There are 2 protein chains.
Amino acid sequence: MIENNEKYEQLDEETLFIVSQTFKALSDPTRIRILHLLGEKECNVSEIADELSLMQSTVSHQLRFLKNLRLVKFRRAGTTLFYSIDDEHVMTLLNQSIHHARHD
Amino acid sequence: MIENNEKYEQLDEETLFIVSQTFKALSDPTRIRILHLLGEKECNVSEIADELSLMQSTVSHQLRFLKNLRLVKFRRAGTTLFYSIDDEHVMTLLNQSIHHARHD
DNA sequence: TTATTATATGAATATATGCTCATATATGTT
DNA sequence: AACATATATGAGCATATATTCATATAATAA
């Protein structure tokens, strides 16, 4: 009797959580735009809002989201906070996807 | 006077849409589990439901979602539909993310 | 044709998400 | 201290999403 005895290895809860969280961060157009801009240059909050025509509050909320996932970091200069990318691997995923979207 | 004259190139609407849709597909634990399973082997709907302990209806709804984005395809064998991966690039993104999640 | 099995679908519901408004906090300046 | 500027935060709202239930459809067998 022929049978396939190989048991499928489920993804563990923690991996599933991290992976879904990561992709969730990249699933919103506003966050993609912010990450893409920060991929070009370090920016403060109002620069991001101006460049992308978003409300300061919107940017701040999304930056908190991205900061919680450690995808961005910031440095302070007086009252101004300069944000930049803190996870090159996630930026690689984003850039791959952008490249793919444009080339087929 | 020193000035940075380089203008930031915004992502165009269409790219933004495709990229966000792609990542949205990968942002849900149920869809991740289904794609990961299909990455191992072609499966029919009830196999997926059994293997992942999901309702048949849940699986079917999510498969429709994935099929609309052309991430999966199917072949018919009688009343049974065998689903499989139809976008290797997206699977690469998923596998990279899984690998990354596990290794740091 | 009727029955059976596999899958798909629509409606309803509960939850999550993103944005905006108003306001709070934090730093720096006068 | 009082004020100005930059950013953060909480509440409210509208929309999106995932799941479940009940039922429809499709292919096949008897």
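The structure presented is a predicted model; accordingly, all values stated were derived computationally and were not measured. Naming: A, B, ... by sequence-line order, numbering from 1 per chain.
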Check the distance between dA6(D)'s C1' and L63(A)'s CG and give it to me in whole angstrom.
13 Å
Distance test, side-chain N/O of Q62(B) to OP1/OP2 of dT17(D), below 4.0 Å
no
Residues, nucleotides or ligands: over 12 heavy atoms within 6.0 Å of Y8(B) OH:
yes
Under 4.0 Å, heavy atoms only, any strand: does S46(B) hit a base, just the sugar-phosphate, or nothing?
sugar-phosphate
Could you tell me how far apart L54(B) (CG) and dT7(C) (P) are, to the nearest whole angstrom?
14 Å
5' precedence on DNA chain C between D28(A) and V45(B) (nearest-nucleotide basis)
V45(B)
May I ask you to evaluate whether T79(A) reaches the phosphate of dT5(D), defined as a side-chain N or O under 4.0 Å from OP1 or OP2?
no
What's the CD1-C1' distance between I32(A) and dG18(C), to the nearest Å?
14 Å
Distance-only donor-acceptor test, T30(B) side-chain atoms vs dT19(D) base atoms, 3.5 Å
no
Under-3.5 Å donor-acceptor pair between Q56(A) side chain and dA6(D) base:
no
Please tell me whether F82(A) and F74(A) form a close aromatic pair, meaning their ring centres lie under 6.0 Å apart.
no
Can you see if the side chain of R64(A) gets near the phosphate of dG10(D) - specifically, an N or O under 4.0 Å from OP1 or OP2?
yes
Separation of atom CZ in F23(A) from atom P in dT17(C), rounded to whole Å
16 Å
I want to check one thing: is the phosphate of dA6(C), taken as OP1 and OP2, less than 4.0 Å away from some side-chain N or O of Y83(B)?
no
For the aromatic rings, using the six-membered ring if either is Trp, is the centroid distance between F23(B) and F23(A) under 6.0 Å?
yes
Let me know the distance between CG of N44(A) and P of dG28(C), rounded to the nearest Å.
15 Å
Whole angstrom is fine here: how far is it from CG in L16(B) over to P in dG18(C)?
13 Å
Expressed in angstrom and rounded to an integer, what is the separation of M55(B) atom CE from dA8(C) atom C1'?
14 Å
Nearest 0.5 Å please: distance from the CZ atom of R33(B) over to the CD atom of Q62(B).
11.5 Å
Looking at the base of dC19(C), is there any donor atom on it, or on the side chain of S57(A), that sits under 3.5 Å from an acceptor on the other one?
no
Considering heavy-atom distances to DNA chain C, does G78(A) or R31(A) have its closest nucleotide positioned more toward the 5' end?
R31(A)
T92(A)-N95(A) side chain donor-acceptor pair, cut-off 3.5 Å
no
When rounded to whole Å, the NZ to P distance for the pair K24(B) and dA18(D) reads 9 Å
On the nucleotide dT7(C), are OP1 or OP2 found under 4.0 Å from the side-chain N or O atoms that R76(B) carries?
no
What about T80(A), does its side chain sit under 3.5 Å from the base of dT5(D) through a donor-acceptor pair?
no
Is a donor-acceptor pair below 3.5 Å formed from side chain H61(A) to base dT17(C), judging by atom type as modelled?
no
Listed nucleotide nearest any side-chain atom of S60(A), set dT9(D), dT20(D), dG18(C):
dT9(D)
Looking at every heavy atom in both R76(B) and L81(B), which two are closest together, and how far apart are they?
CZ-CD2, 3.6 Å
